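Side-chain atoms are counted along with the backbone in the values below, which use heavy atoms only and exclude waters and symmetry mates. Please read all numbers here as calculations on a predicted model, not as lab measurements. We name chains A, B, ... by the order of the sequence lines, and we start the count at 1 in each one.
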Amino acid sequence: MTVHNADVAALFYRLAELLEIEGANPFRVRAYRRAAATIENLTEPVAHMVDRGADLDALPGIGEDLAGKIREICETGRCSALEEVEARTPSALAALAAIPGLGPKRVQVLHEKLGINSVEDLRKAAEAGRVRELPRFGKAFEAKLLAQLVKAAPAGERSLRLATAEDFAGPLVAWLKGAPGVREVVVAGSFRRRKETVGDLDILATAADGAAAMQRFVAYGEVAEVVARGPTRATVLLKGGLQVDLRVVPEESYGAALVYFTGSKAHNIALRRIAQERGLKISEYGVFQGMRRIAGRTEAQVYGSVGLPWIAPELREDRGEIDAAYAGRLPTLVELSDIRGDLHVHTRASDGGSSLEEMAAAAAALGYEYMAVADHSRHATAAHGLDTARLAAQMDEIDRLNARKPGVRVLKSCEVDILKDGRLDLSDAILKRLDLVVAAIHSDFDLPAEDQTARIVRALESGRVHILAHPLGRLIGERPGYAVDLPKVMAVAKAMGCLLEMNGHPARLDLDDVHARAAKEMGLMVSIASDAHSAMGLSAMRHGVDQARRGWLTAADVANTRRWPELERILAR
DNA sequence: GCCGTTTTCGGCCCGACTGTTTTCAGTCG
């Protein structure tokens, strides 16, 4: 039995949820949530740590008690503490607390006074007018609740791919900038931290007159519903269901508000605690010593007030960035401008939409030094994959193109399928002639983890593979990755001198941030690639860079920040 | 439940908005 980090985290989140409804000490509840987040962000399966007897209570937010619970979960698959709580408090109550406007306190009252145990119970009680009679509920609240209950989809659970969120954010920001007196408009929150998915948009604006900005905000054509509206803060739902929060602050608070609104929540809590230790108070209005504001106009000032350098938004997840900042060991994160080439693009020869010449021209226009054409191999029939003859012909075509000096060095590659048994889809003879081989799984996603791991390991051990493409195999919002022991795959990749791909396709972002960081920590180099299927698609590189930054990668950790001669040496291993 | 160059006990981030209230609890971010 394999217990995944996500499993352990889910149990702790559920425990926190139910304890909260029971009215447990809120700091105890927070402790479970913090522990869950710590485990989610671990770069190694916590079950492995248990196996080798690692010191679990050295992990942030995990002490003797939680270490014991983690061991229990990993060894038995059960959590007796959760079972005890579930015996008292039905798990279904957690679903009630997920309804907007309902929190743990009200759910507890509903449960105790009206015997409500499910969403259906609640609907009946509200329709019968029994909810309004409870203290501090009232008629208006009951009506609001009923409106929430008839909505088919549980709002708030939906999250968008980052690139999709950008499509919503761009026009809205432009609209807000048209409000009189508005200076800055910036999307903060998880969007600014470049999380792979975002649940809502948090927009920060500075304006002399907040009311005008609010007016403009709620008048936006895409607004379906105004959820809340005050003088400095408003929440709306757009027609597609996306929630957007706008906060307006004066200019002297811009930096503090940006820190606050960018989060993450855990990062903010850690930061505010440090301020507290120093006799300071950090809020969205500034850093205060008593009544006196000592910082707030810029983010750098806010961090500086507690003795820290500015921390890049992508790092603000309470994953050790504050300690690193204090120690002067913050990574200088890789930037899009560091990228010298793309090592995974497609052409019309397989499933791309642009010709070889068009792809080369687009890469040259981006100032790239090199670009590897990695069309699919024959096994990927739906993608019109290349067989030996067609690949050989493409290689000749690339030779002819390079002879014409297209402004970029076009590298010969292939995204070769890893077959079900771990063999590569094309023969050694043809693969040897390529500048680099990109290998990937495109079939048999549902193998047991052991077989999937063995399959990939065999492919890497062939010695032919330079880059393992989209190692998780997930499509965000569509399907999870295949079951695989990635730490093992990574260890083999390291031993074989293979690179791991950070695929920037908006649906992939694969590696994810956590595993990218794990790769870095074990000295395994990453190749950030667009996986472009058209000339336009080359721009997906920036999404890969975003996730690489969230994984703490520097230019040194990324192979395709190197000039060609050095990259050639890396590929030669 | 965690944690400690003030502490092994007593703390644990801070403020806006709503709906119910006449001073505030609950929820949210």
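On the P atoms, B/dC13 is 14 Å away from B/dC3, given to the nearest whole Å. A distance of about 13 Å separates the C1' atoms of B/dG10 and B/dT6, rounded to the whole Å. Taking atom P on both nucleotides, B/dG26 is separated from B/dT21 by 13 Å, rounded to a whole Å.
Using a 4.0 Å heavy-atom criterion, one finds that A/Pro231 contacts the sugar-phosphate atoms exclusively. Within the nucleic acid shown, A/Arg106 comes within 4.0 Å of sugar-phosphate atoms alone, with no base atom in reach, counting heavy atoms only. Among the protein residues, A/Pro26 comes within range of no part of the nucleic acid, since none of its heavy atoms lies under 4.0 Å from any strand. Nucleic acid contact for A/Gln243: sugar-phosphate only, since backbone atoms but no base atoms lie under 4.0 Å from a heavy atom of the residue. Residue contacts for A/Tyr260: at a heavy-atom cut-off of 4.0 Å it reaches a base atom on one of the strands shown. Note on A/Leu271: nothing from the nucleic acid sits closer than 4.0 angstrom, heavy atoms only. At the heavy-atom level, A/Arg30 lies under 4.0 Å from base atoms of the strands shown. A/Asp65 comes within 4.0 angstrom of sugar-phosphate atoms only, judged by non-hydrogen atoms across all strands, and of no base. Within the nucleic acid shown, A/Lys265 comes within 4.0 Å of at least one base atom, counting heavy atoms only. Contacts of A/Phe141 with the nucleic acid, taken as non-hydrogen atoms under 4.0 Å apart, involve only primed sugar atoms and P, OP1 or OP2. Counting any heavy atom pair closer than 4.0 Å across all strands shown, A/Asn25 reaches a base atom.
Side-chain atoms of A/Gln276 and A/Arg273 form no donor-acceptor pair, as typed in the model, at a separation below 3.5 Å.
Once rounded to the nearest 0.5 Å, the distance linking OG of A/Ser91 with CZ of A/Arg14 reads 4.5 Å. Distance check, rounded to the nearest 0.5 Å: OH of A/Tyr254 to CG of A/Leu258 gives 5.0 Å. For the atom pair CD of A/Glu314 and CG of A/Leu553, the computed distance is 11.5 Å after rounding to the nearest 0.5 Å. A/Arg319 contributes atom CZ, which lies 5.0 Å from atom CZ of A/Arg550 (distance to the nearest 0.5 angstrom).
Put simply, A/Thr232 has a side-chain N or O that comes within less than 4.0 Å of OP1 or OP2 on B/dC17. Within the 4.0 Å cut-off from OP1 or OP2 of B/dC14, at least one side-chain nitrogen or oxygen of A/Gln276 is found. OP1 or OP2 of B/dG15 lies within a sub-4.0 Å distance of a side-chain N or O belonging to A/Lys281. OP1 or OP2 of B/dG19 has at least one side-chain nitrogen or oxygen of A/Lys144 nearer than 4.0 Å.
Using the Watson-Crick or G-U wobble rule with both distances under 3.5 Å, B/dC9 pairs with B/dG4.
Closest to the side chain of A/Phe27, out of B/dC12, B/dC14, B/dG29, is B/dC12. Listed nucleotides B/dC14, B/dC17, B/dA25 differ in distance to A/Arg272; the shortest reach to its side chain belongs to B/dC14. With B/dC13, B/dA16, B/dG29 as the candidates, the nucleotide lying closest to the side chain of A/Asp202 is B/dG29. Of the listed nucleotides (B/dT20, B/dG15, B/dC17), B/dG15 has the atom at the smallest distance from the side chain of A/Tyr285.
B/dT21 has its base anti relative to the sugar, with a glycosidic angle deviating from 0 by more than 90°.
Across the protein-nucleic acid pair, A/Phe137 atom CZ and B/dA25 atom P stand 15 Å apart, rounded to whole Å. Atom CZ of A/Arg273 and atom P of B/dG11 are 14 Å apart (whole Å). Taking atom CZ of A/Arg233 as the reference point, atom C1' of B/dC14 lies 11 Å away to the nearest angstrom.
Tested against A/Glu20 for a salt bridge (Lys or Arg N to Asp or Glu O under 4.0 Å), the candidates A/Arg33, A/Arg106, A/Arg30, A/Lys105 yield a single pass: A/Arg33.
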A/Asp512/A/His515 under side chain to side chain donor-acceptor pair (under 3.5 Å): CA gap, chis, key distance, verdict: CA-CA 6 Å; A/Asp512 60 358; A/His515 287 100; 2.8 Å; yes
